[in-house]
Amino acid sequence: MTTYDEFEPVIGLEVHAEMQTQSKMFCSCPVLDATTAQANTAVCPVCAGMPGVLPVVNQRAVDYAIRVALALGCTIAPTSIFARKNYFYPDLPKGYQISQYEEPLAQHGLLPIITSEGEGVIRVRRVHLEEDTGKLTHVTGEGGSYSLVDLNRAGVPLLEIVSEPDMHTIEAVRAYAEGLRAILRYLGVNSGDMEKGVIRFEANISLRPRGSQTLGTRVEIKNLNSFRALERSVAYQIERQAETLRRGETVALETVGWNEAEGVTFIQRSKEEAHDYRYFPEPDLPPLVVDEAWVEKARALLPELPQAILRRFQQQYQLSAYDAGLLTAERDLAVYFEAVLAAAPGVSPKQAANWVLGDLFALMNSLGRDISSPPLSPDALAGLLQALSAGQINNSTAKTVLTEMAASGKSARQIIDERGLTQISDASFVSDLVQRVLAENAGEVERYRAGKESLGQWFFGQVMRQAQGKANPQVVREELQRQLDTLK
Ligand code: ADP
Ligand code: MG
Ligand code: ZN
């Protein structure tokens with residue numbers, strides 16, 4: 001019996017996402033790229049926690065948070081309260097984090113997911129705003145062991161999105177996490193660059209016997225920075241808890257970390273060591289008031305969301321779920337694809353999808369570019385696809401032209417004309433060529449007639465080569481077959 005036959009995993013996720021505004025949550029320091037900025041270059045008395053300073057709420061950060069909450073179908077609270085979450089840690093200069101606790105910005109949302117089990121929905125419990133902490137770097141060097149603190153990140157707006165414990169498979173966890181990331185990116189509030197730490201996950205996991213409705217004791221895995229770490233650590237916890245329960249023992253309420261190198265979780269805090277954060281309302285900030293006009297304005301500006309575009313692409317363009325999924329993974333890509341279609345009437349969506357996902361992506365990879373700054377415009381690609389579907393060039397010529405377009409910035413039409421690449425469909429030209437190839441290869445023709453039919457493909461290659469790749473393959477194939485048939 002496998003773990004999954006015996007137990008049902010129950011998983012809830014807490015996701016922290018930076019709101020990538022110009023300035024921090026409560027001061028005017030800039031929000032910098034953590035991987036390139038010099039340490040402690042964006043710090044002021046407010047985010048350094050000096051006495052006597054006053055925080056001011058960043059309106060843009062609230063606006064971003066409202067967008068996310070609405071995209072998740074949450075109810076926005078007309079009034080929410082900032083609270084102090086008190087604890088000591090060297091990356092927290094004030095000795096407390098300003099967060100929202102009893103009265104969060106938004107509650108009761110939903111995120112639809114698709115897994116191999118079909119369509120499902122994960123409930124979102126709450127969405128609240130807080131500030132990020134600084135970043136510690138632990139160093140062991142000649143001067144002994146010490147830690148460096150960088151406060152650039154301290155005070156960066158952070159959105160916490162907490163799910164209900166509605167996930168029961170690792171696949172569902174992944175789908176939820178990816179779905180959330182896609183929404184954040186579509187809304188333009190977060191780059192989704194996981195390796196830069198702008199999105200972090202915490203997973204809460206418990207097991208219960210299959211069929212049971214009560215919740216087991218959970219273990220919380222802190223600070224997961226990649227989908228891979230999320231999946232692996234949850235899988236590890238599921239197996240570990242199953243072993244514990246099989247031995248007749250109980251799972252302890254714990255907070256653990258994830259050791260990526262060794263593929264194991266390690267204990268950080270047990271129940272006895274649980275923090276008492278002594279939450280109380282932040283006295284330096286008034287209640288956050290979000291009136292209906294603000295909510296409606298944000299709602300009106302919401303773009304079409306990933307799930308909706310995915311469905312529309314499948315229905316409107318008859319694309320597979322797979323293709324539609326790839327094309328809608330990023331908003332820029334979905335927009336690009338539809339711009340190609342709009343500029344290329346007569347080109348089938350399936351063909352356009354193949355070119356975008358295949359050749360365009362290969363080209364972008366080789367050039368180190370991505371869809372936010374594509375090597376050629378949708379109009380340019382549309383021009384190429386039209387020449388192709390009109391039979392002016394064949395598939396392999398089109399690939400060459402694509403590369404040249406990116407290199408020269410010229411249109412497909414220009415390159416085809418300048419280089420005389422127009423595909424030859426002229427029947428008599430093709431007929432002469434076929435005749436010549438068959439005449440020059442009398443031995444192969446004999447063997448073909450004796451039954452070696454596979455030579456047909458070889459003759460085809462010879463004709464195409466003689467035509468320097470410009471002959472219409474369909475016309476060549478038919479003419480070749482016709483002449484070979486008369487020889488039989
Ligand atoms: P805390 O803030 O202390 O981590 P919460 O009650 O806010 O606690 O829950 C955090 C997350 O844990 C939520 O995503 C919730 O769905 C999940 N969760 C709560 N209880 C369980 C459980 N028994 N098993 C799995 N997940 C749980
Ligand atoms: Mg938690
Ligand atoms: Zn500051």
Side-chain angles (χ1 to χ4, degrees), residues 12-19 21 23-27 46-47 49 53-87 89 92 94-111 122-133 154-166 180 183-184 187 189-190 199-202 204 215 218 220 222 255 274-299 302:
L13 282 192
E14 295 164 79
V15 180
H16 285 100
E18 283 183 5
M19 294 291 97
T21 46
S23 58
K24 292 188 181 179
M25 187 65 219
F26 300 114
C27 63
V46 175
C47 55
V53 296
L54 287 175
V56 178
V57 170
N58 178 342
Q59 181 151 344
R60 178 64 62 80
V62 178
D63 198 51
Y64 279 13
I66 292 172
R67 283 188 215 175
V68 177
L70 288 175
L72 293 169
C74 290
T75 309
I76 313 282
T79 306
S80 57
I81 306 290
F82 285 104
R84 286 189 185 181
K85 180 180 182 180
N86 298 280
Y87 66 99
Y89 208 64
L92 191 69
K94 293 197 292 282
Y96 59 85
Q97 178 191 31
I98 303 179
S99 180
Q100 296 188 310
Y101 186 54
E102 280 171 341
E103 297 181 55
L105 176 72
Q107 295 188 77
H108 312 306
L110 294 173
L111 181 64
I122 308 301
R123 290 170 302 161
V124 173
R125 182 182 287 179
R126 54 184 278 151
V127 174
H128 76 243
L129 265 171
E130 55 188 37
E131 55 180 336
D132 210 344
T133 59
V156 166
L158 203 60
L159 196 67
E160 177 165 343
I161 303 148
V162 183
S163 85
E164 293 293 342
D166 284 352
L180 208 48
I183 287 175
L184 294 168
L187 296 175
V189 301
N190 183 293
I199 303 177
R200 280 113 59 190
F201 304 113
E202 281 164 31
N204 295 268
L215 288 175
R218 71 183 155 122
E220 176 168 4
K222 286 277 183 198
T255 302
H275 281 137
D276 172 6
Y277 293 115
R278 295 171 290 119
Y279 280 101
F280 62 86
E282 166 61 62
D284 291 339
L285 286 170
L288 177 63
V289 176
V290 177
D291 63 15
E292 220 175 290
W294 191 354
V295 174
E296 288 321 310
K297 197 170 158 210
R299 198 191 302 278
L302 283 185

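Nothing fancy with the numbering, it's 1 onward along the sequence.
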Gap between atom [atom2] of [Y] and atom [atom1] of [X] - 0.5 Å precision:
{"X": "K24", "Y": "C47", "atom1": "NZ", "atom2": "SG", "result": "3.5 Å"}
{"X": "I183", "Y": "R67", "atom1": "CD1", "atom2": "CZ", "result": "14.0 Å"}
{"X": "M19", "Y": "D132", "atom1": "CE", "atom2": "CG", "result": "11.0 Å"}
{"X": "I66", "Y": "E296", "atom1": "CD1", "atom2": "CD", "result": "10.5 Å"}
{"X": "L158", "Y": "H128", "atom1": "CG", "atom2": "NE2", "result": "8.0 Å"}
{"X": "L111", "Y": "I161", "atom1": "CG", "atom2": "CD1", "result": "9.5 Å"}

Just so I know, are the side chains of [X] and [Y] near enough to count as touching, which here means a heavy-atom distance under 4.5 Å?
{"X": "V57", "Y": "F26", "result": "yes"}
{"X": "L129", "Y": "L159", "result": "yes"}
{"X": "E18", "Y": "N190", "result": "yes"}
{"X": "T21", "Y": "Y64", "result": "yes"}

What is the minimum heavy-atom distance between [X] and [Y], and which atoms define it?
{"X": "D63", "Y": "A298", "result": "OD1-CB, 4.3 Å"}
{"X": "C27", "Y": "S23", "result": "O-CB, 3.9 Å"}
{"X": "A17", "Y": "L184", "result": "CB-CD1, 3.6 Å"}

Salt-bridge criterion met for E220 and K222 (N-O under 4.0 Å):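 Yes, E220 and K222 are salt-bridged.
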
Neighbour count above 12 (heavy atom, 6.0 Å) for Y87 OH: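 Buried by this count: over 12 neighbours within 6.0 Å.
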
With distance as the sole test, does [X] use its side chain to make a donor-acceptor pair with the main-chain N or O of [Y] at under 3.5 Å?
{"X": "S163", "Y": "L13", "result": "yes"}
{"X": "N204", "Y": "P165", "result": "no"}
{"X": "E131", "Y": "I98", "result": "yes"}

Chi angles and distances behind the side chain to side chain contact (heavy atoms under 4.5 Å, CB included) call for Y89, Q97: CA-CA 10 Å; Y89 208 64; Q97 178 191 31; over 6 Å; no

Residue list, salt bridge (charged side-chain N to carboxylate O under 4.0 Å, His left out) with R123, at least two apart or on another chain: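 Salt bridge (charged side-chain N to carboxylate O under 4.0 Å, His left out) list for R123, sorted by chain: D166.
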
When the side chains of residues 73-84 are checked against the rest of the protein, which donor-acceptor pairs come out under 3.5 Å, sequence neighbours left out?
residue, atom, partner, partner atom, Å
S80, OG, Q100, NE2, 3.0
R84, NE, E282, OE1, 2.9
R84, NE, E282, OE2, 3.4
R84, NH2, Y96, OH, 3.2
R84, NH2, E282, OE2, 3.0
R84, NH2, D284, OD2, 3.4

Test item: side-chain donor near acceptor, N86 and R278, under 3.5 Å: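 Per modelled atom types, N86 and R278 side chains form no pair under 3.5 Å.
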
Side chain to side chain contact (heavy atoms under 4.5 Å, CB included) evaluation trace for E160 with R126: CA-CA 8 Å; E160 177 165 343; R126 54 184 278 151; over 6 Å; no

